[in-house]
Amino acid sequence: DLEPQRVEALLEKVQRKGKGGRAPAGDPRLDPRIDPRKARRILANRISAARSKLKQKLILEGLKARYEQLMSSKDEYGRELADLRKACKELEGRNRGLAGKLKDLVNGPFSDDSGQK
C-alpha cells in the first residue's frame, strides 16, 4: 500500500520539536503483536493526520501572507487619504479666495448696485 520512504517523509514533517509531549511512536507494521490490518489502519491514520497538519499549516501561512498584504494596502491607502484631505483643504482655501475675488468683482466700483439710480 504505502511506501515506507513516503511514510517516513510525512511522519518526519510532523515530529514534535521542542520540550515535552509524547515520544513519537514507531512504525506499527514492525510490531509483531499488532494485527497487520490494524497496523495499516494506524499508519494510514497517522499519514492522514500528518497531511491534515501540513494543509492547516499551509492555510495559516497563506492567511498570514494575505493579512500582511492587506495591512500594507491599508497603510498605503491611509497615506493616500491623508494626501487627498490635504489637497482638498488647499483647494477649498483657493476656492474661498476666488469666490471672494468674484464677489469683489461683482460688487465692485462699476456695479449697478452702488446705491445710485
Side-chain angles (χ1 to χ4, degrees):
D1 288 75
L2 301 169
E3 303 159 13
Q5 295 161 344
R6 185 168 181 200
V7 170
E8 291 300 320
L10 281 172
L11 292 177
E12 282 178 19
K13 290 182 180 180
V14 294
Q15 295 294 327
R16 282 194 174 266
K17 295 180 179 120
K19 301 177 184 177
R22 274 190 329 184
D27 190 344
R29 296 175 297 180
L30 301 177
D31 190 347
R33 298 171 293 168
I34 298 178
D35 180 43
R37 286 181 289 180
K38 185 175 181 179
R40 278 196 307 270
R41 194 170 60 246
I42 290 170
L43 191 57
N45 188 32
R46 285 183 189 167
I47 291 170
S48 176
R51 283 188 191 129
S52 179
K53 286 181 182 181
L54 289 173
K55 182 179 175 183
Q56 185 179 11
K57 185 177 179 182
L58 288 174
I59 289 171
L60 183 60
E61 288 174 359
L63 289 172
K64 284 180 180 178
R66 180 72 176 140
Y67 172 80
E68 291 299 324
Q69 179 186 12
L70 289 171
M71 291 303 290
S72 175
S73 295
K74 177 185 164 265
D75 293 340
E76 183 180 327
Y77 290 139
R79 286 189 295 273
E80 185 178 344
L81 180 62
D83 292 343
L84 288 172
R85 283 183 173 156
K86 181 180 176 185
C88 184
K89 286 188 183 226
E90 290 173 2
L91 289 173
E92 286 173 346
R94 283 182 57 196
N95 190 29
R96 279 192 296 275
L98 290 172
K101 286 182 181 180
L102 180 62
K103 187 176 180 182
D104 290 344
L105 287 173
V106 169
N107 296 329
F110 303 111
S111 72
D112 292 339
D113 295 338
S114 61
Q116 298 176 353
K117 286 195 172 190

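Just so it is clear, the structure is predicted and the values come from calculations on it, not from any experiment.
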**Message:** Tell me every residue that passes side chain to side chain contact (heavy atoms under 4.5 Å, CB included) with Ile59, counting only those two or more places apart in sequence or in another chain.
**Reply:** Lys55, Leu63
**Message:** Tell me every residue that passes side chain to side chain contact (heavy atoms under 4.5 Å, CB included) with Glu68, counting only those two or more places apart in sequence or in another chain.
**Reply:** none
**Asked** Listed by chain and number, what are the side chain to side chain donor-acceptor pair (under 3.5 Å) partners of Glu61, not counting sequence neighbours?
**Response** none
**Reported CD-to-CG distance for the pair Glu80 and Asp75, which is rounded to 0.5 angstrom** = 13.0 Å
**Request:** Calculate, to the nearest 0.5 Å, the distance between atoms CG and OG belonging to Asn45 and Ser52 respectively.
**Result:** 10.5 Å
**Asked** Can you name the salt bridge (Lys or Arg N to Asp or Glu O under 4.0 Å) partners of Asp104, sequence neighbours left out?
**Response** none
**Request:** Kindly write out the residues that satisfy side chain to side chain contact (heavy atoms under 4.5 Å, CB included) with Tyr67, not counting sequence neighbours, or none if the list is empty.
**Result:** Met71
**Request:** Any chance you could measure Leu43, atom CG, to Ser48, atom OG, to the nearest 0.5 Å?
**Result:** 11.0 Å
**Fill in**
The salt bridge (Lys or Arg N to Asp or Glu O under 4.0 Å) partners of Arg96 (sequence neighbours excluded) come to none
**Message:** Please enumerate all residues that pass salt bridge (Lys or Arg N to Asp or Glu O under 4.0 Å) together with Arg94, with sequence neighbours excluded.
**Reply:** none
**Prompt:** So which residues get pulled into Leu98's cluster when ILVMFWY side chains under 4.5 Å apart are joined, directly or through others?
**Reply:** none
**Prompt:** What residues form a side chain to side chain donor-acceptor pair (under 3.5 Å) with Arg85, not counting sequence neighbours?
**Reply:** none
**Message:** Could you measure the distance from the CG atom of Leu102 to the CG atom of Asn107? Nearest 0.5 Å is fine.
**Reply:** 9.0 Å
**Request:** Would you please name every residue forming a side chain to side chain contact (heavy atoms under 4.5 Å, CB included) with Glu76, sequence neighbours left out?
**Result:** Arg79
